[in-house]
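Data block below; observations after.
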Amino acid sequence: MKPNCGGTIIIIGAGIAGLAAGCYAQMNGYRSQIFEMHDQPGGLCTSWQRQGFIFDGCIHYLFGSGQGQPFYRLWEELGVMPQQQFVHHDELLRVSEPHGKTQKC
């Protein structure tokens with residue numbers, strides 16, 4: 001992209017990808033406008049409720065936040081690293097079926 005082109009980039013969705021796109025647009029001299037249908041940004045990095053359960057998509061993990069991970073450079077460029085501290089667990093998620101079968105992720 002050419003800096004200071006004076007154009008505006010319209011972004012649909014204020015999830016992590018949309019927010020990053022808006023940051024990169026502005027870092028390269030464009031204006032950006034982000035449209036989101038929900039009342040808060042973040043996409044899967046927010047929490048939501050379903051049938052009485054609360055699901056938090058990002059309270060303990062940010063995709064690619066570990067050094068050497070594919071998205072670490074993106075987080076560095078956007079100023080997230082090294083300002084934020086993250087805990088990297090051996091187990092991210094465990095799903096238990098009604099009959100007791102468990103799958104770890």
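Keep in mind the model is a prediction, meaning the values are calculated, not measured. What you see below is based on every heavy atom in this structure, not just the backbone, and it leaves out hydrogens, waters and symmetry mates.
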Show me the donor-acceptor pairs, under 3.5 Å and distance only, between side chains in residues 71-80 and residues at least two apart or in other chains.
from: R73; atom 1: NE; to: E77; atom 2: OE2; distance (Å): 3.4
from: R73; atom 1: NH2; to: E77; atom 2: OE2; distance (Å): 3.2
from: W75; atom 1: NE1; to: F63; atom 2: O; distance (Å): 2.8
from: E77; atom 1: OE1; to: Y24; atom 2: OH; distance (Å): 2.3

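- Residues forming a side chain to side chain contact (heavy atoms under 4.5 Å, CB included) with Q26 (at least two apart in sequence, or on another chain): S32.
- Legend: residues meeting side chain to side chain contact (heavy atoms under 4.5 Å, CB included) with F35, ordered by chain and number and at least two apart, are I10, I12, Q33.
- For residues 20-36, no pair satisfies salt bridge (charged side-chain N to carboxylate O under 4.0 Å, His left out), with sequence neighbours left out.
- Across all non-hydrogen atoms, the minimal contact from I34 to G18 is CD1-O, 3.7 Å.
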